[in-house]
*Asks:* 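Would you mind keeping the following structure in view while I ask a few things?
In this text, all values refer to a predicted model and were calculated from it rather than measured experimentally.
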Amino acid sequence: MVVGVGCGGALPEEQTEAGLAQEPTSAPEVTAEGLCLPTAAGTQRVKTILPPSEIGIPRFAMGPGGFVDFKGTLHFAVNYEDGRRGLWRSTGTDAGTTQVKGFPATGSGSLLSQLTATPTQLFFQAPDAAHGSELWVSDGTTAGTRLVKDVTPGPEDSYLTHLTAAGSTLVFFKETYDATVFTTRYELWKSDGTAAGTVRLRDFGTSVDVSYLDAKQGNALLFFVRELEGATSLWRTDGTAAGTVQVKRLDAGPDTYPNDVRTSGALTLFRLSESSGLTELWKTDGTTGGTLRLASFGPTRAVDVLGALGAYAYVTTTSYSTQYMVIYRVPLAGGNPEPVVTLPNDYTSQGDALPFINAVSQAPGGTKLYFSVTIGSNGPAPRDTQLWVTNGTAGGTTLLRRPLSLSDEYGSPVYAVADNLVFFSAYDDATGIEPWVSNGTVAGTRLLKNIDAQASSYPHEFFRQGNRVYFSAYDDTLNAQLWSSALSNACLAPEDAQ
């Protein structure tokens, strides 16, 4: 077992002055990797959309969210505290940020959510008084935004999940609680954006459970079906009846559950947790032959999936007895897991201090994995939260920042734009919880902007669209608004520039 050297670090109040991230200047900073870190001056509120919050709790503010790229333009949902809903779009300017369609309050509490784009249509779920919460579609204009179909006729809501674009077709599940058998009925549907073309593909009935976890491979949705008293299987659908098939039976069960579904390019990794305590690592490319068990780990360790780099899958294992987390690499072609590095844990002598992975992000085609580690406690709030990066080697595994959020009600987002640019949020005594950026080095990790000078801005949902990264943040308007941070083509690698 390899123990990392120089990967640990003191909490912010224990660091030397040289180890602290510096306040950004307005000029772009070019790192040794040739990537400009975004600046405070280039990070601005795009538009004030929501009125001051009546709830007054910044971490619970219902700011813009559900960001999606539709026809090259950012689209997103706005859910107001008074029950109004809205589909919005933005080009990154105040004038270019407009509401596509508004929905009056219905009193149901249902949100506008699940924005899912095909090449020509934007699907989402939204409520109105006559139909309840149902499937809607937009072509990006107010006139072209309409109800697709009242899937559950009348004012009752439909519970729709797994909305996924399969080419130009939307596939989704309709879940209905059946009070006669006290279980949920799962139905797979498809839609072409018309009422006539919105139909059920398959009824999975009430004797199975469809996991909330899924993955997209090419133009297909991968999902997990577990018999209530039996096997767990991987399924795929391309939006056709013939293309809706069981890929592979994964385990005989019962009580086997998928977790940590992470897709890297054409490969999806996931783990199966068994009632015996064993944990299996699997890979799939969406085919029967390409769906294979890679490794099995014993019941004395917790396992989290990080992702794939090159010829290896990477996982962490955490010993329940020692409370140390170890990064392992597992050959994708088959072979035994190999330890890479042991992460430090400064709290093992203090009782309950089990580390676990909270968030993982990898840029498209990236050769690094960014991940946050939370060290638990015997209470709801964590003892520590840390941002790490790894390229799959001990020397390339580095602690970038601690702590992130120490709240049990707000988790720090982690969003890798490129191999050498990641957005996240972190706590500092002087600023509270604010947006930060890093180029993957300790020296290149710093506060992006102190948005809420009075407290914390609690950033949510970093999302890249073109040469901007958008997010919501609580600011001096006393609510969470749409913000963006400018990127520079001159400093991005050619394959990352847009």
*Asks:* Among Gln217, Lys216, Lys283, exactly one meets side chain to side chain donor-acceptor pair (under 3.5 Å) together with Thr268. Which residue is that?
*Replies:*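 The residue from Gln217, Lys216, Lys283 that satisfies side chain to side chain donor-acceptor pair (under 3.5 Å) with Thr268 turns out to be Gln217.
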*Asks:* Just by modelled atom types, is the Leu482 backbone N or O under 3.5 Å from a matching donor or acceptor in the Ser472 side chain?
*Replies:*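 Answer holds: no.
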*Asks:* Yes or no on side-chain contact (heavy atoms from CB on, under 4.5 Å) for Val303 and Asp260, after CA distance, side-chain angles and deciding distance?
*Replies:* CA-CA 9 Å; Val303 179; Asp260 287 357; over 6 Å; no
*Asks:* So, does Thr441 use its side chain to make a donor-acceptor pair with the main chain of Gly444 at under 3.5 Å?
*Replies:*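 Between the backbone of Gly444 and the side chain of Thr441 there is a qualifying donor-acceptor contact (under 3.5 Å).
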*Asks:* The test is side-chain contact (heavy atoms from CB on, under 4.5 Å); show your working for Arg226 and Asp255 and say whether it passes.
*Replies:* CA-CA 8 Å; Arg226 182 179 65 88; Asp255 299 326; 4.3 Å; yes
*Asks:* Answer yes or no: is there a donor N or O on one side and an acceptor on the other, between the side chain of Glu274 and the main chain of Thr279, under 3.5 Å?
*Replies:*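 No: the side chain of Glu274 does not pair with the backbone of Thr279.
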*Asks:* Any non-hydrogen side-chain atom of Leu406 less than 4.5 Å from a side-chain atom of Thr385?
*Replies:*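 Yes - at least one pair of side-chain heavy atoms lies under 4.5 Å apart.
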*Asks:* Looking only at side chains, do Gln481 and Trp483 share a donor and an acceptor under 3.5 Å apart?
*Replies:*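 No, because no side-chain N or O of Gln481 sits under 3.5 Å from a partner of the opposite role on Trp483.
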*Asks:* Are Gln323 and Thr348 close enough, and set up right, to give a side-chain hydrogen bond (donor to acceptor under 3.5 Å, both in side chains), and what steps lead you there?
*Replies:* CA-CA 6 Å; Gln323 302 190 101; Thr348 56; 6.0 Å; no
*Asks:* Does the Lys NZ or Arg CZ of Arg329 fall within the cation-pi geometry relative to Tyr312 - under 6.0 Å from the ring centre and within 45° of the axis?
*Replies:*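 Yes, a cation-pi geometry holds between Arg329 and Tyr312.
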*Asks:* Please check if any side-chain donor atom of Thr232 sits under 3.5 Å from a side-chain acceptor atom of Asp251, or the reverse.
*Replies:*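 Absent: no donor and acceptor within the cut-off.
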*Asks:* Nearest 0.5 Å please: distance from the CG atom of Leu292 over to the OG1 atom of Thr284.
*Replies:*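 One finds 8.5 Å between CG of Leu292 and OG1 of Thr284.
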*Asks:* Where is the tightest heavy-atom contact between Tyr370 and Val389, given as atom of each residue plus distance?
*Replies:*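 Nearest pair, atom of Tyr370 first, then Val389: CE2-CG2, 3.5 Å.
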*Asks:* So which heavy atom on Val225 is nearest to which on Trp235, and how close?
*Replies:*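 So the two residues come closest at CG2-CD1, 3.5 Å.
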*Asks:* Nearest 0.5 Å, please: how far is CG in Asp352 from CZ in Arg383?
*Replies:*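 It comes to 7.0 Å.
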*Asks:* So, do Thr398 and Val442 sit near enough that their side-chain heavy atoms are less than 4.5 Å apart?
*Replies:*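 Of all side-chain heavy-atom pairs linking Val442 with Thr398, at least one is under 4.5 Å.
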*Asks:* Step by step, work out the side-chain hydrogen bond (donor to acceptor under 3.5 Å, both in side chains) result for Asp429 and Tyr427.
*Replies:* CA-CA 7 Å; Asp429 284 340; Tyr427 172 81; 3.0 Å; yes
*Asks:* Do the side chain of Ser456 and the main chain of Ile433 share a donor and acceptor less than 3.5 angstrom apart?
*Replies:*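 Here the side-chain-to-backbone pair exists.
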*Asks:* Taking side chain as C-beta onward, heavy atoms only, is Val422 less than 4.5 Å from Val437?
*Replies:*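 Val422 does not reach Val437 side chain to side chain.
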*Asks:* Establish, for the pair Arg464 and Phe67, whether the NZ or CZ atom is under 6.0 angstrom from the six-membered ring centre and no further than 45 degrees off its axis.
*Replies:*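 Arg464 over Phe67 ring: no.
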*Asks:* Return yes if some donor-acceptor pair links the side-chain N/O of Thr116 with the main-chain N/O of Gln114 below 3.5 Å, else return no.
*Replies:*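 Yes, Thr116 side chain to Gln114 backbone: donor-acceptor pair under 3.5 Å.
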*Asks:* Heavy atoms, side chains only, cut-off 4.5 Å: are Leu487 and Pro38 in contact?
*Replies:*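 Side chain of Leu487 against side chain of Pro38, heavy atoms only: contact under 4.5 Å found.
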*Asks:* Can you see which heavy atom on Ile357 is nearest to which on Arg262, and at what distance?
*Replies:*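 Minimum heavy-atom separation between Ile357 and Arg262: CG2-NH2, 4.4 Å.
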*Asks:* Identify the two heavy atoms, one from Ser412 and one from Ser405, that lie closest to each other, and give their separation to 0.1 Å.
*Replies:*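 Closest pair (atom of Ser412, atom of Ser405, distance): OG-N, 3.0 Å.
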*Asks:* So that I know where these two stand, are Tyr458 and Phe60 an aromatic pair - ring centroids less than 6.0 Å apart?
*Replies:*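 Distance test on ring centres: not under 6.0 Å, no.
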*Asks:* Between CG of Asp214 and CG of Leu222, what distance do you get to the nearest 0.5 Å?
*Replies:*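 Those atoms lie 8.5 Å apart.
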*Asks:* Cut-off 3.5 Å, side chains only: do Glu280 and Ser296 have a donor facing an acceptor?
*Replies:*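 No, no side-chain donor-acceptor contact under 3.5 Å.
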*Asks:* Using side-chain contact (heavy atoms from CB on, under 4.5 Å), reason through Val78 and Leu50 one step at a time and then give a plain yes or no.
*Replies:* CA-CA 8 Å; Val78 175; Leu50 291 105; 4.1 Å; yes
*Asks:* Using 4.0 Å as the upper bound for N to carboxylate O, is an ion pair formed by Arg45 and Asp476?
*Replies:*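 Salt bridge between Asp476 and Arg45, a charged N being under 4.0 Å from a carboxylate O: yes.
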*Asks:* Exactly one of Phe423, Tyr415, Tyr470, Trp436 should register a ring-ring contact (aromatic ring centres under 6.0 Å, His included) with Phe462. Which one does?
*Replies:*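 For Phe462, the ring-ring contact (aromatic ring centres under 6.0 Å, His included) test succeeds with only one of Phe423, Tyr415, Tyr470, Trp436, which is Phe423.
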*Asks:* Output yes when a side-chain donor or acceptor of Asn259 lies under 3.5 Å from a complementary backbone atom of Leu272, and no otherwise.
*Replies:*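 Checked: no pair found.
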*Asks:* Can you measure from NZ (Lys449) to CG (Asp475) and round to the nearest 0.5 angstrom?
*Replies:*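 Result: 10.0 Å between the selected atoms.
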*Asks:* In terms of side-chain heavy atoms, does Ser233 have a donor or acceptor partner in Gln246 at a distance below 3.5 Å?
*Replies:*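 Ser233 vs Gln246: donor-acceptor pair found between side chains.
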*Asks:* Identify the heavy atoms of Asp238 and Ala166 that sit nearest to each other, and give their distance.
*Replies:*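 Residues Asp238 and Ala166, closest heavy atoms: O-CB, 3.7 Å.
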*Asks:* Give a yes or no on whether the backbone of His75 and the side-chain of Arg89 come within a donor-acceptor separation of less than 3.5 Å.
*Replies:*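 Side chain of Arg89 to backbone of His75: no pair is present.
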*Asks:* Go through the side-chain N and O atoms of Gln362 and Ser264 and say whether any donor and acceptor fall under 3.5 Å apart.
*Replies:*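 There is such a pair (donor and acceptor under 3.5 Å, judged by atom type) between the side chains of Gln362 and Ser264.
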*Asks:* Does the side chain of Leu400 reach to within under 4.5 Å of the side chain of Ser438, using non-hydrogen atoms?
*Replies:*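 In contact.
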*Asks:* Are Glu175 and Thr161 close enough, and set up right, to give a side-chain hydrogen bond (donor to acceptor under 3.5 Å, both in side chains), and what steps lead you there?
*Replies:* CA-CA 7 Å; Glu175 300 182 14; Thr161 62; 2.9 Å; yes
*Asks:* Using atom types as modelled and distance alone, determine if a side-chain donor or acceptor of Thr316 lies under 3.5 Å from a backbone N or O of Ile327.
*Replies:*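 Side chain of Thr316 to backbone of Ile327, a donor-acceptor pair under 3.5 Å: no, none is there.
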*Asks:* Mind running salt bridge (charged side-chain N to carboxylate O under 4.0 Å, His left out) on Arg236 and Asp285 for me, showing each step along the way?
*Replies:* CA-CA 11 Å; Arg236 75 186 299 274; Asp285 61 3; over 6 Å; no
*Asks:* Side chains of Tyr410 and Ser425: closer than 4.5 Å at any heavy-atom pair?
*Replies:*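 Of all side-chain heavy-atom pairs linking Ser425 with Tyr410, at least one is under 4.5 Å.
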*Asks:* Side-chain contact test, heavy atoms from C-beta onward, threshold under 4.5 Å: evaluate it for Asp304 versus Phe356 and give yes or no.
*Replies:*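 Yes, close enough: below the 4.5 Å cut-off.
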*Asks:* Can you check side-chain contact (heavy atoms from CB on, under 4.5 Å) on Phe424 and Thr445, steps first, answer last?
*Replies:* CA-CA 10 Å; Phe424 63 102; Thr445 301; 3.8 Å; yes
*Asks:* Between Pro64 and Phe76, what is the shortest heavy-atom contact and its length?
*Replies:*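 Residues Pro64 and Phe76, closest heavy atoms: CB-CD1, 3.7 Å.
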*Asks:* Nearest 0.5 Å please: distance from the CZ atom of Phe371 over to the OG1 atom of Thr397.
*Replies:*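 Here the rounded value is 6.5 Å.
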*Asks:* Rounded to the nearest 0.5 Å, what's the gap from CG on Leu160 to CG on Leu170? Could you check?
*Replies:*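 Taking CG in Leu160 and CG in Leu170, the distance rounds to 9.0 Å.
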*Asks:* Within the distance-only criterion (no hydrogens, no angle test), does the side chain of Glu434 pair as donor or acceptor with the backbone N or O of Leu447 below 3.5 angstrom?
*Replies:*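 Judged by distance alone, no pair lies under 3.5 Å.
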*Asks:* Check the pair Asn336 / Glu338 against side-chain hydrogen bond (donor to acceptor under 3.5 Å, both in side chains), numbers first and verdict last.
*Replies:* CA-CA 6 Å; Asn336 293 327; Glu338 305 166 348; over 6 Å; no
*Asks:* For the residue pair Thr97 and Trp88, establish whether any side-chain heavy-atom pair is separated by less than 4.5 Å.
*Replies:*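 SC-SC contact between Thr97 and Trp88 confirmed.
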*Asks:* Say whether, by atom type as modelled, one donor and one acceptor occur between the side chain of Ser485 and the main chain of Val469 under 3.5 angstrom.
*Replies:*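 Pair absent, no side-chain N/O of Ser485 close to backbone of Val469.
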*Asks:* Using the ring centroid of each side chain, check whether Phe123 and Phe172 are separated by less than 6.0 Å.
*Replies:*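 When the ring centroids of Phe123 and Phe172 are compared, they turn out to be at least 6.0 Å apart.
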*Asks:* Answer yes when Lys368 and Asp419 have at least one side-chain N-carboxylate O distance shorter than 4.0 Å, and no when they do not.
*Replies:*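 No salt bridge links Lys368 with Asp419.
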